[in-house]
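Counting convention: from 1, in listed order, for ligands and their atoms alike.
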Amino acid sequence: MTHVVIIGGGPGGYEAALVAARLGAQVTVVERDGLGGSTVLTDCVPSKTLIATSDLLTEVESSAELGVEVPRDVRADLAAVNDRVLRLALAQSADIAGRLDREGIEVVRGTARLLSAREVEVVEASSSDQEASGAPRVVEADAVILATGAHPRVSPDALPDGERILTWEQVYALREIPEHMIVVGSGVTGAEFASAYNGLDAHVTLVSSRDRVLPGEDEDAAELIEDVFRERGMTVMGQSRMASVRREGDQVVVTLTDGREVVGSHCLLALGSIPNTADLGLEDVGVALDDAGFVRVDRVSRTSVPGVYAAGDCTGVLMLASVAAQQGRIAVAHLLGDAVHPLDLQKVSSNIFTSPEIATVGLSQRAIDEAGLHVDVVMLPLATNARAKMQGVRHGFVKLFSRRGMGVVVGGVVVGPRASELIHAVSLAVSASLTVDQVADAFTVYPSMSGSVAEAARSLHPR
Ligand SMILES: Cc1cc2nc3c(=O)[nH]c(=O)nc-3n(C[C@H](O)[C@H](O)[C@H](O)COP(=O)(O)OP(=O)(O)OC[C@H]3O[C@@H](n4cnc5c(N)ncnc54)[C@H](O)[C@@H]3O)c2cc1C
């Protein structure tokens, strides 16, 4: 029986473990903090739970348009919200533990490092707390999967104190809605939290070092969300690079590189992630890392050392829970000799959970331009959609990209409420290489937002 040892119990690790067990391997998962990893305990699940409350309040704001008078002082009780966030995260982690247990997977609570490609040193945590206890033991493995994730980047000039200067892992300790939250960093994480706290009725300043928010995302979507942010009272500061953050009593002061200062009650640092690859023994074993410390992998999750695979954020391939899980599954299929489908990033769908949401799949406009592809594009505002009008939805669009001549759908962007759900139709089309005619021919419900996906496809009918 092949013994697979997996270091890290996030989606990269636990999905690999489940597939490996089903394929008949003996599986050991070593996890330091809790099953589900950062995804479940500090990042994805907690942030989306917080956003669920923020979305509800944002919807309530527009209730007057739908003929419902709601008292003006509707406010979230952040202590209750954050208690719920943490409860749900722990429950999700327990669910995953239950699944692994039912599949006969051994889970060791502790910290692991590689001694060789076939030997993993494990220092188990004591049962009472998370401190390491006891002598390290060595676990023999036929194959190892590294799925150790990443942690928030901080700067020596902006050190979190856990009270007012915060990483995204620390915000759930807040008991009251911040009066003025300064979010530094306007990538996906910064934009999501800025949107969330804006929805929770905090004053929000979003400090962005670039011209616009969400650099790297679809330009029309980024422009739309920046307009919506401003319309909702958020202060968006473009071309503003943070130099330092300091605390002054009950205030935080963010100093920009041009000397300007922004004063608020709290500051959330969203400066990107650093891979958890230090102290893993990787250099000694010969596992190649890139300059930023990410594990180099190929499309079937192999590292530079035979028998050692890597999945998820520690590889930096595309920092999404869904990609981590897929890389883990692919690693297992490869190492156990099952049918392998190499990772195809052109089929990944992802979502930015701002309000409205921004969902994308397949080729982006930038990728199309860089590759010089002949592609037709259509962008249909949701404002023309009957269901959107009924629901008071004013912001959003459906954008589709199709190969000129053949009409094969190669990508799409949906901006709107629940765009994360709407994108699935486009994702199916991209994944199955459907033509715009096939997408347009499939019935959609009338009235429905998905009607706009079909209508966009119809307007791209090859002539
Ligand atoms: C705020 C935020 C929101 C996000 N929202 C989304 C989203 O909505 N959708 C989405 O797809 N992605 C989202 N992501 C990204 C997603 O969280 C990551 O891509 C995902 O966590 C990667 O999973 P992973 O398995 O690689 O790592 P992780 O989930 O980080 O798990 C790694 C685990 O390894 C453990 N570990 C590390 N070193 C060791 C060691 N030496 N020994 C034992 N254990 C170790 C850690 O304790 C950790 O539990 C979000 C990220 C952030 C920061």
Side-chain angles (χ1 to χ4, degrees), residues 5-17 28-52 85 89 92-93 96 107-114 120-125 130 132 136 139 144-153 166-172 183 185 187-194 196 268-282 294-295 297 301 310-329 331 348-354 357-359 420:
V5 176
I6 300 170
I7 308 180
Y14 76 75
E15 278 291 334
T28 302
V29 176
V30 187
E31 168 53 53
R32 196 176 54 191
D33 297 334
L35 283 174
S38 313
T39 308
V40 168
L41 296 171
T42 55
D43 296 359
C44 177
V45 169
S47 63
K48 264 77 261 184
T49 312
L50 180 78
I51 286 166
V85 165
Q92 179 75 5
S93 176
I96 294 165
V107 177
V108 180
R109 173 93 171 275
T111 303
R113 64 193 297 271
L114 282 189
V120 177
E121 181 190 82
V122 179
V123 180
E124 286 192 49
Q130 292 186 16
V139 180
V144 176
I145 302 177
L146 308 167
T148 51
H151 61 275
R153 176 190 299 280
L166 306 158
T167 67
W168 60 72
E169 296 183 340
Q170 296 172 328
V171 290
Y172 307 105
V183 178
V188 173
T189 300
E192 286 188 354
F193 277 106
L268 167 59
L269 301 166
L271 306 174
S273 300
I274 299 196
N276 297 328
T277 51
D279 307 323
L280 274 178
L282 301 184
F294 291 101
V295 180
V297 282
S301 308
D313 280 8
C314 68
T315 70
V317 167
L318 185 53
M319 294 172 106
L320 287 174
S322 52
V323 172
Q326 190 70 350
Q327 285 179 291
R329 293 183 201 110
V348 175
S349 63
S350 62
N351 191 58
I352 303 170
F353 290 81
T354 43
E357 297 180 357
I358 301 171
S420 48

Report the part of [X] (side chain from C-beta onward, or backbone N, CA, C, O) that has a heavy atom under 4.0 Å from ligand 1; answer both or neither where that applies.
| X | result |
| --- | --- |
| K48 | side chain |
| P11 | both |
| L280 | side chain |

Does any N/O atom on [X] come nearer than 3.5 Å to any N/O atom on ligand 1?
| X | result |
| --- | --- |
| N276 | no |
| D33 | yes |
| G312 | no |

| S47 side chain vs D43 backbone, donor-acceptor pair below 3.5 Å | yes
Between the candidates [options], which shows the shortest non-hydrogen contact distance to [atom]?
| atom | options | answer |
| --- | --- | --- |
| atom 27 (O) of ligand 1 | S350, G149, S38 | G149 |
| atom 17 (O) of ligand 1 | L50, I51, D43, L41 | D43 |
| atom 21 (O) of ligand 1 | T39, V323, V30 | T39 |
| atom 31 (O) of ligand 1 | G12, G187, G10, P152 | G10 |

Starting from [atom], which protein heavy atom do you reach first, and at what distance in Å?
| atom | result |
| --- | --- |
| atom 10 (C) of ligand 1 | A321 N, 3.4 Å |
| atom 35 (C) of ligand 1 | E31 OE1, 3.3 Å |
| atom 34 (O) of ligand 1 | G8 CA, 3.3 Å |

Atoms in ligand 1 with a heavy atom of [X] nearer than 4.0 Å:
| X | value |
| --- | --- |
| I7 | 40 (C), 42 (N), 43 (C) |
| T189 | 1 (C) |
| S47 | 3 (C) |

| query | Quick one: does G110 get a heavy atom under 4.0 Å from ligand 1? | reply | yes
| request: Could you tell me which non-hydrogen atom of D313 sits nearest to which non-hydrogen atom of L320, and how far apart they are? | output: OD1-N, 4.0 Å
